Asker: 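Below is a structure I'd like to ask you about.
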Amino acid sequence: MLRIRLKVTDWPCRALILTDTPNPHCADCAGEGGNAYDYGDESGEYAGTEWDSCRCWDESRRWIVLPLPRLRRPRFLRRLRHADRDPWGPAGYSDEPPF
């Protein structure tokens, strides 16, 4: 059974997608979609975390509903290129003390 939700994604392009969600009543993963476990290297030190997906959820099941435009800064913000410069100081900085 599909449990569909809307989601905005940025990869590979910005889009609104329908995606499947894990079963919240699954006995294997308790609604998380899988199980994470830590593993170590030969000396026993922590080496990372491994993720095993549960059979109640397919991560690759998604459909693009609507491509969205790229986010751009507003035009008045694009013109501000030197935000770190002091506009009242000579050459962008001031030699005067602040008091």
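No experiment lies behind these values; they were computed from the predicted model shown.
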Asker: So, for N23 and C56, which heavy atoms are closest and what is the spacing to 0.1 Å?
Answerer: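 Taking N23 first and C56 second, the nearest heavy atoms are N-SG, 3.7 Å.
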Asker: When rounded to the nearest 0.5 angstrom, what is the spacing between CZ in R61 and CG in L18?
Answerer: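 So the CZ of R61 and the CG of L18 are separated by 12.5 Å.
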Asker: List in chain and number order the residues that pass side chain to side chain donor-acceptor pair (under 3.5 Å) with N35, two or more places apart in sequence or in another chain; answer none if no residue qualifies.
Answerer: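 By the side chain to side chain donor-acceptor pair (under 3.5 Å) rule, N35 matches no residue at all.
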Asker: To the nearest 0.5 angstrom, please state how far the CG atom of L16 sits from the OG1 atom of T9.
Answerer: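 So the gap between those two atoms works out to 10.0 Å.
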Asker: On a heavy-atom basis, which atom in D20 and which in W57 lie closest, and how many Å separate them?
Answerer: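 Closest heavy-atom pair between D20 and W57: O-NE1, 3.0 Å.
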Asker: Minimum heavy-atom separation for S53 and E59, please, with both atom names.
Answerer: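 Nearest pair, atom of S53 first, then E59: OG-OE2, 2.5 Å.
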Asker: Let's go through T19 and I4 carefully: what are the C-alpha distance in whole Å and the side-chain angles of both, what is the deciding distance for side chain to side chain contact (heavy atoms under 4.5 Å, CB included) to 0.1 Å, and is it a yes or a no?
Answerer: CA-CA 5 Å; T19 183; I4 298 177; over 6 Å; no
Asker: CD1 of I64: more than 12 outside heavy atoms within 6.0 angstrom?
Answerer: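 For I64, atom CD1 is not crowded (no more than 12 foreign heavy atoms under 6.0 Å).
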Asker: Give the minimum heavy-atom separation between A36 and W51, together with the two atoms involved.
Answerer: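 The pair with the smallest heavy-atom distance is CB-CE3, 3.8 Å.
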Asker: Assigning hydrophobic clusters by single linkage (Ile, Leu, Val, Met, Phe, Trp, Tyr; side-chain heavy-atom cutoff under 4.5 Å), is W63 placed with L6?
Answerer: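 Yes; tracing contacts between hydrophobic side chains, which count when under 4.5 Å, links both residues.
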Asker: For a quick test of reading the model, state the closest non-hydrogen atom pair linking C54 to C26 and the distance between them.
Answerer: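 Closest heavy-atom pair between C54 and C26: SG-SG, 3.6 Å.
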Asker: Does Y39 have any side chain to side chain donor-acceptor pair (under 3.5 Å) partners at least two apart in sequence or in another chain, and if so, which?
Answerer: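 Expected list: none.
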